Amino acid sequence: MGPEAHNLEVFFFPFLAPGHMIPAVDMARLFASRGVKATVVTTRGNASLVQPAIDWANKSGRHMRLLLMPFPSSEAGLPEGCENVASVPAELQFKFMITSTPLLRDPLERLIREHQPDCIISDGFFPWTADVALGFGIPRIVFDGTNFFSNCVTHSLQYHAPSERLAEGETTFVVPGLPHRIELLKTQTPDMRAMPEAADFLRQLEESELRSFGMVVNSFYELEPEYADHYRNAMGRKAWHVGPVSLCREDTADEATRGAESSIDVADCLNWLDSKKPSSVLYVSFGSISLFTSVQLREIALALEASNLPFIWVVRDFGDSAGHEEEWLPEGFRNKVSENNSGLVIRGWAPQVLILNHGAVGAFVTHCGWNSCLEAISAGVPLVTWPLSGEQFYNERQMTEVLQIGTAVGAGAWTRRAEERELIKAEQIEKVVSRVIGGGEEAEGKRRKARELARRARRAMEEGGSSYSDMDRLIDELIEERRKIANQSVGDK
Ligand SMILES: O=c1ccn([C@@H]2O[C@H](COP(=O)(O)OP(=O)(O)O[C@H]3O[C@H](CO)[C@@H](O)[C@H](O)[C@H]3O)[C@@H](O)[C@H]2O)c(=O)[nH]1
């Protein structure tokens with residue numbers, strides 16, 4: 001199907017969080033590069049996160065546009081400017097997700113009425129968009145930012161609730177019905193009985209997924225073939241894999257605009273990496289929304305000092321510890337690091353994909369957000385896994401046990417709140433990072449596997465590759481669906 005021939009218009013409506021918006025915008029760019037008119041819909045306060053990617057795509061002759069809607073802050077009972085999970089205090093994030101974002105329904109409906117897209121790819125966290133799409137008689141496709149493996153685990157846990165059947169004293173369970181034996185600690189999954197509202201929300205997500213046209217997944221078949229098959233065949237769901245979407249970027253300048261503006265001069269950061277030996281630098285970052293207490297940050301700093309490894313450490317500029325570096329940076333840390341040129345502490349936003357793709361980076365300490373995992377895989381970088389919440393403990397199992405490119409730091413408990421989290425001591429962190437970045441056979445084996453996956457990831461995105469072909473298949477199905485809908489409405493008249 002030639003680009004002009006189909007004239008398909010798709011709305012992309014991601015959840016208001018960087019970990020969802022960044023890959024959704026990349027995905028929209030990929031659709032645009034296949035001749036689809038790709039429209040990203042978001043709120044005014046989130047425009048700056050999206051605009052550079054759109055400008056970039058349009059510069060290279062693609063059809064992308066941004067449609068903005070106001071965020072009803074006062075109706076939602078949120079302070080003005082809180083339009084993204086990254087800027088909403090932890091205690092309000094759940095309310096933001098469940099009760100605030102559905103207020104976007106009217107403005108979304110207005111935009112659909114006005115622009116009449118052929119399809120909407122909306123976030124899994126917007127279950128109500130399934131009804132919106134049904135109301136307009138267009139297909140809705142779910143994008144939830146994660147992968148096949150974690151979707152299979154989530155579904156199994158929701159369906160079988162194995163942790164609720166543990167006998168007194170049992171602390172672990174095997175996730176039922178998966179292609180591999182995956183064992184989790186009870187504490188590594190949220191206790192749904194203690195969170196009835198969250199359990200109800202999960203049920204809504206599941207129901208809305210079943211009322212949708214299918215799911216589009218930021219992954220590639222060769223990465224998780226058993227789980228792509230399990231999701232489609234055993235669970236009977238329709239899905240297309242189109243990733244890693246981060247590979248859509250064209251060059252360094254393009255990469256540098258991904259997400260927020262970098263808090264470090266990108267050229268300085270890359271020059272610093274140029275001065276380091278291949279595979280010697282530890283990159284430490286925990287995504288766009290997670291926070292640590294000052295006590296935990298201090299343990300990380302002590303571990304970095306003790307490891308003697310060159311490092312780039314990204315610390316979010318948000319939350320209680322943000323303005324008080326003296327509470328968590330050991331005395332003289334910054335001076336020592338800058339005198340020895342041994343590390344960079346980036347406060348705020350780092351150009352993550354550029355860093356991961358630099359040959360000097362040898363390992364990535366990550367919270368296992370799916371984007372971070374997949375970006376590391378695409379760059380061939382092994383992981384030190386330190387999951388915190390969400391589906392991150394499932395991703396950890398996939399990285400460490402199924403793919404064997406990750407080594408666990410030893411996090412044992414799921415919680416969204418930094419102050420409730422177990423403390424991981426410097427000695428433990430240092431021991432694991434040294435093992436992963438050191439020369440031994442174990443480290444080399446993981447690096448080899450990661451590099452092989454990176455090669456396959458690139459291949460999947462090339463013309464004829466599995467993700468490239470699945471996007472073709474999806475576009476074809478959408479064109480066919482549009483034809484059916486048009487015939488039906490002629491028949492109805
Ligand atoms: O300084 C930074 C910090 C983050 N990023 C980017 O921001 C994204 C972060 O996404 P991710 O690694 O998935 O982490 P979260 O922001 O925590 O993502 C949320 O969304 C993901 C997708 O649904 C889930 O897998 C996670 O559990 C959930 O916390 C990635 O593309 C990073 O490259 C940067 O570029 N620079």
Side-chain angles (χ1 to χ4, degrees), residues 14-27 49-50 52-53 84-88 90 93-94 97 123-126 142-151 153-154 188 190 205 215-219 243-249 254-264 266 269 283-292 312-318 344-357 361 364-379 381 383 385-396 398-399 411 414-416 418:
F15 184 62
L16 309 177
H20 292 235
M21 296 182 69
I22 295 171
V25 172
D26 283 349
M27 194 185 290
L49 225 126
V50 181
N84 189 297
V85 177
S87 55
V88 173
Q93 284 176 2
F94 192 62
M97 181 190 274
D123 207 283
F125 286 157
F126 293 149
V142 182
F143 173 59
D144 76 354
T146 69
N147 58 354
F148 288 110
F149 179 86
S150 69
N151 264 293
V153 175
T154 304
Q188 291 174 329
L205 303 192
M215 181 182 265
V216 67
V217 185
N218 181 17
S219 185
V245 297
S246 63
L247 293 178
C248 74
R249 300 282 164 155
D254 185 9
E255 302 268 15
T257 63
R258 195 163 183 268
E261 197 181 325
S262 173
S263 308
I264 184 170
V266 173
C269 181
Y283 174 57
V284 186
S285 179
F286 299 91
S288 66
I289 51 177
S290 302
L291 292 170
F292 284 117
I312 296 181
W313 179 21
V314 190
V315 185
R316 286 190 65 210
D317 224 348
F318 185 78
L344 299 175
V345 181
I346 302 179
R347 299 300 315 278
W349 194 260
Q352 176 158 308
V353 173
L354 279 176
I355 293 173
L356 284 171
N357 280 286
V361 172
F364 177 16
V365 182
T366 172
H367 70 314
C368 298
W370 179 242
N371 298 293
S372 289
C373 291
L374 193 57
E375 289 159 12
I377 287 168
S378 308
V381 173
L383 305 160
T385 57
W386 186 336
L388 306 168
S389 66
E391 87 303 1
Q392 296 152 15
F393 283 93
Y394 317 155
N395 297 339
E396 172 178 70
Q398 187 179 19
M399 297 303 118
W414 189 103
T415 173
R416 289 198 186 281

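Treat the numbers as computed from the prediction; the structure is a model and nothing was measured. One-based numbering, in listed order, for ligands and for the atoms of each.
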Exercise for the section: Name all residues meeting the ring-ring contact (aromatic ring centres under 6.0 Å, His included) criterion together with W370; count only those two or more places apart in sequence or in a different chain, and write none if there are none. Expected result: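 ring-ring contact (aromatic ring centres under 6.0 Å, His included) check on W370 returns nothing, list empty.
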Practice task
Check whether the ring centres of W414 and F393 lie less than 6.0 Å apart, and answer yes or no.
Solution key: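 Ring centres of F393 and W414 not closer than 6.0 Å.
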Practice task
Name all residues meeting the salt bridge (Lys or Arg N to Asp or Glu O under 4.0 Å) criterion together with D123; count only those two or more places apart in sequence or in a different chain, and write none if there are none.
Solution key: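 Partners of D123 by the salt bridge (Lys or Arg N to Asp or Glu O under 4.0 Å) criterion come out as none, since no residue qualifies.
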Exercise for the section: State which residues pass salt bridge (Lys or Arg N to Asp or Glu O under 4.0 Å) with R249; sequence neighbours excluded, sorted by chain then number. Expected result: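 Partners of R249 by the salt bridge (Lys or Arg N to Asp or Glu O under 4.0 Å) criterion, ordered by chain and then number, come out as D26, D254.
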Handout entry: For ligand 1, the residues whose heavy atoms come within less than 4.0 Å (ordered by chain, then number)
Key =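 Within 4.0 Å of ligand 1, protein side: G19, H20, I22, D144, G145, T146, R258, G287, S288, I289, V314, G348, W349, A350, Q352, H367, G369, W370, N371, S372, E375, E391, Q392.
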Handout entry: Rounded distance (nearest 0.5 Å) linking atom CD1 of I22 with atom CZ of R258
Key =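 Taking CD1 in I22 and CZ in R258, the distance rounds to 5.5 Å.
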Exercise for the section: Decide whether N151 and T154 meet the rule of one side-chain donor and one side-chain acceptor closer than 3.5 Å. Expected result: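 Their side chains do not contain a donor-acceptor pair, so the 3.5 Å distance test is not met.
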